[in-house]
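We name chains A, B, ... by the order of the sequence lines, and we start the count at 1 in each one.
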Number of protein chains: 2
Amino acid sequence: MSGTEEGTLVAQWRDLVTCYNKVACDLDRELQDQHGLGMSEFEVLDRLIESGQEKVRMHELAEGMYLSQSAFSRTVARLERAGLVSRAMCMDDRRALFVTATEAGRARHTDARDTHRKVLAHHLG
Amino acid sequence: MSGTEEGTLVAQWRDLVTCYNKVACDLDRELQDQHGLGMSEFEVLDRLIESGQEKVRMHELAEGMYLSQSAFSRTVARLERAGLVSRAMCMDDRRALFVTATEAGRARHTDARDTHRKVLAHHLG
DNA sequence: GGACATTTAATGCTTGTGCAATTGATGCGT
DNA sequence: ACGCATCAATTGCACAAGCATTAAATGTCC
């Protein structure tokens with residue numbers, strides 16, 4: 001573990017954090033201002049619709065997401081409160097829930113998608 | 001703007017977020033558990049001591065950090081409450097404040113530095 | 001079949017963060 | 001010298017996130 005290795009490691013980490021925060025803040029602001037969606041809310045909606053499936057189980061949808069279980073649960077709850085998503089019981093396993101995008105949810109996603117991609121392209125392109 | 005470009009852009013962003021969250025969470029937990037420091041608190045302390053200067057002005061220290069002004073202000077306040085840092089008035093410009101690491105602050109930093117580097121090396125190395 | 005561990009999702013609680021507004025000090029133009 | 005914009009830092013507020021706990025359903029082992 002040489003000093004220079006440490007130095008580049010820290011520098012690398014700082015770049016990562018800075019980059020992340022810039023993009024995340026911008027994304028959050030744009031999505032919120034233009035579409036009333038938080039970054040995580042869009043992310044969930046995006047993954048749900050992108051899956052191609054009508055219904056997706058909570059646990060399956062949460063898989064691969066950066067959020068904690070509780071944060072994810074609340075994000076979906078927010079989406080449901082906003083009428084963009086609906087939750088339905090799963091008969092096969094009554095612990096699980098199915099999440100489905102509503103018409104409003106699909107419409108909102110279509111709108112917001114452009115903003116999302118634009119911000120990403122601006123920062124990462 | 002082709003579909004594949006969009007796809008890799010989103011994938012790139014998701015990778016970035018996932019990586020950031022994994023490292024940040026781990027870092028936060030390790031620093032908190034082993035040294036009673038949050039990630040941002042360590043970051044401020046690290047930059048302060050790394051500067052080599054005895055006193056650094058708040059605004060100068062905040063420069064290049066990922067935190068908002070208010071978050072930064074509160075982070076320094078937390079460090080001060082913990083006795084790791086002290087704030088002193090700047091006579092040249094009475095709006096500004098000087099931040100100085102205390103002995104306890106330097107000691108804590110020395111301890112935590114290893115943990116910090118270790119976590120970074122584990123994830124980024 | 002009954003006891004116990006595991007899984008799925010939600011909730012109480014605390015905390016760190018950003019935004020907007022505020023306070024106090026400095027600089028600048030007239 | 002006065003008024004006004006600007007700058008430095010803090011504070012009120014709302015909110016999203018993580019941790020730990022909980023509740024209900026399922027699985028497993030005997």
Closest to side chain of M58(A), choosing from dA10(C), dA17(D), dG18(C): dA10(C)
Exercise: identify the closest heavy-atom pair between L124(A) and C19(A): CD2-SG, 4.3 Å
Side chain to side chain contact (heavy atoms under 4.5 Å, CB included) partners of R95(A), counting only residues at least two apart: D93(A)
Could you check how far [atom1] of [X] sits from [atom2] of [N], rounded to whole Å?
X	N	atom1	atom2	result
F72(A)	dC19(D)	CZ	P	17 Å
R81(B)	dT15(C)	CZ	C1'	11 Å
H59(B)	dA25(C)	NE2	P	18 Å
Y66(B)	dG18(C)	OH	C1'	14 Å
M39(B)	dT15(C)	CE	C1'	15 Å
M65(B)	dG18(C)	CE	C1'	14 Å
R29(A)	dA16(D)	CZ	C1'	17 Å
R87(B)	dA8(D)	CZ	C1'	12 Å

Distance below 4.0 Å between S40(B) side-chain N/O and dT17(C) OP1 or OP2: yes
Short side-chain N/O contact from T75(B) to OP1 or OP2 of dG16(C), under 4.0 Å: no
Electrostatic pair D111(B):R108(B) at N-O distance under 4.0 angstrom: no
Ion pair check, R57(B) and D92(B), cut-off under 4.0 Å: no
Pair R113(B), T110(B): side-chain N/O donor-acceptor within cut-off below 3.5 Å: no
Tabulate protein N/O versus nucleotide N/O from nucleotides 20-26 of chain D, keeping only pairs under 3.5 Å, one per line.
residue	atom	partner	partner atom	Å
dT26(D)	OP1	R94(A)	N	3.2

Sugar-phosphate only, base, or nothing, as touched by R74(A) at under 4.0 Å among non-hydrogen atoms: base
5'-most by nearest nucleotide on DNA chain D - S73(B) or A71(A): S73(B)
The single option from D28(A), L27(A), D26(A) passing side-chain contact (heavy atoms from CB on, under 4.5 Å) against E30(A): D26(A)
Beyond-backbone contact of H116(A) with L37(A), side-chain heavy atoms, under 4.5 angstrom: no
